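The structure under discussion appears below in the form of structure tokens.
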Amino acid sequence: MVGEEGAFVLGWDEVLTEEELSVTLKVLCMSEEEFKEYKEQDGWEDDSEEEENSTLSNEALSRLKTPCKKLLYDSVLLTLESYGSDLKAEQDLLNNKEAFEKLSRREQQALHVRYGQKRILHQLLELVR
């Protein structure tokens with residue numbers, strides 16, 4: 001469901017792997033009985049019209065049903081815990097010109113990437129809180 005890398009791609013304004021996240025949330029938030037019914041349908045395309053009309057913009061994420069929001073929230077917390085430092089530590093390092101300049105070019109670029117990833121994840125936490 002989540003592709004080869006097992007991850008969803010989030011942007012500032014919307015989910016970029018929208019279909020994968022929609023299906024994953026839908027399935028993971030189903031009861032066992034609902035899942036059996038869904039699985040017995042002639043494929044997973046029966047409700048594609050409903051899914052085509054719903055994009056996972058930031059606004060739509062904030063309107064998800066409570067179980068889906070909780071699942072996303074908990075998943076984001078787990079993802080943030082997998083980093084070696086928190087958002088504030090990254091921001092402090094970016095703001096400390098002397099310490100930042102001691103980093104290699106590659107370390108500086110990695111810092112920018114991590115900081116951007118963490119900002120998006122924190123934004124998602126706020127949306128699904």
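From a predicted model like this one, the values you see are computed outputs, not experimental measurements.
Of the inter-residue distances, the one linking R63 atom CZ with C68 atom SG reads 13.5 Å to the nearest 0.5 angstrom. To the nearest 0.5 Å, atoms NZ (K70) and OG1 (T66) are separated by 11.0 Å. The CG atom of L25 sits 7.5 Å away from atom CG of L56, with the distance rounded to the nearest 0.5 Å. Here the NZ atom belonging to K69 is positioned 12.0 Å from the CG atom belonging to L125, to the nearest 0.5 angstrom. Rounding to the nearest 0.5 angstrom, the gap separating the NZ atom in K65 from the CG atom in L71 is 14.0 Å.
Following chains of ILVMFWY side-chain contacts shorter than 4.5 Å, one can reach V15 starting from L80, so the two form part of one hydrophobic cluster. Both W12 and L61 are part of a single hydrophobic cluster, where members link through side-chain heavy atoms under 4.5 Å apart. At a threshold of 4.5 Å between side-chain heavy atoms, the hydrophobic network of Ile, Leu, Val, Met, Phe, Trp and Tyr places F35 and V23 in one connected group. No chain of hydrophobic side-chain contacts below 4.5 Å, direct or via other Ile, Leu, Val, Met, Phe, Trp or Tyr residues, connects F8 to L16.
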| task | For L21 and L72, run side chain to side chain contact (heavy atoms under 4.5 Å, CB included): C-alpha distance rounded to whole Å, both residues' side-chain angles, the deciding distance at 0.1 Å, then the answer. | result | CA-CA 10 Å; L21 182 58; L72 271 178; 4.1 Å; yes
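Qualifying side-chain hydrogen bond (donor to acceptor under 3.5 Å, both in side chains) partners for E34, counting only residues two or more places apart in sequence or in other chains: S31. Listed by chain and number, the residues in a salt bridge (Lys or Arg N to Asp or Glu O under 4.0 Å) with E107 amount to none (sequence neighbours excluded). K97 meets the salt bridge (Lys or Arg N to Asp or Glu O under 4.0 Å) test with no other residue; sequence neighbours excluded.
Annotation: side chain of L127 is not in contact with side chain of L64 (no heavy-atom distance under 4.5 Å). A heavy-atom distance below 4.5 Å is not found between the side chains of V128 and V76. Put simply, the side chain of L10 reaches to within 4.5 Å of the side chain of L121, judged on heavy atoms.
Within the 3.5 Å criterion, the main-chain N or O of D92 finds no donor-acceptor partner in the side chain of N96.
Considering all non-hydrogen atoms of both residues, I120 and G11 come closest at CG2-O, 4.1 Å. Of all non-hydrogen atoms in N58 and Q123, the two that sit nearest each other are ND2-NE2, 3.0 Å. Taking each heavy atom of A89 and D86 in turn, the nearest pair found is N-OD1, 2.9 Å.
Counting only residues at least two apart or on different chains, no ring-ring contact (aromatic ring centres under 6.0 Å, His included) pair has a member in residues 71-99. The salt bridge (charged side-chain N to carboxylate O under 4.0 Å, His left out) contacts involving residues 108-129 comprise E90-R114, E90-K118, E126-R129, where partners must be two or more places apart or lie in separate chains. Residue pairs meeting the ring-ring contact (aromatic ring centres under 6.0 Å, His included) criterion with at least one partner in residues 110-129, sequence neighbours excluded, are F100-H112.
For E59, the CD atom counts as loosely surrounded, since its 6.0 Å shell holds 12 or fewer non-hydrogen atoms of other residues, nucleotides or ligands.
A salt bridge does not link K36 to E40: none of the charged side-chain nitrogens sits closer than 4.0 Å to a carboxylate oxygen.
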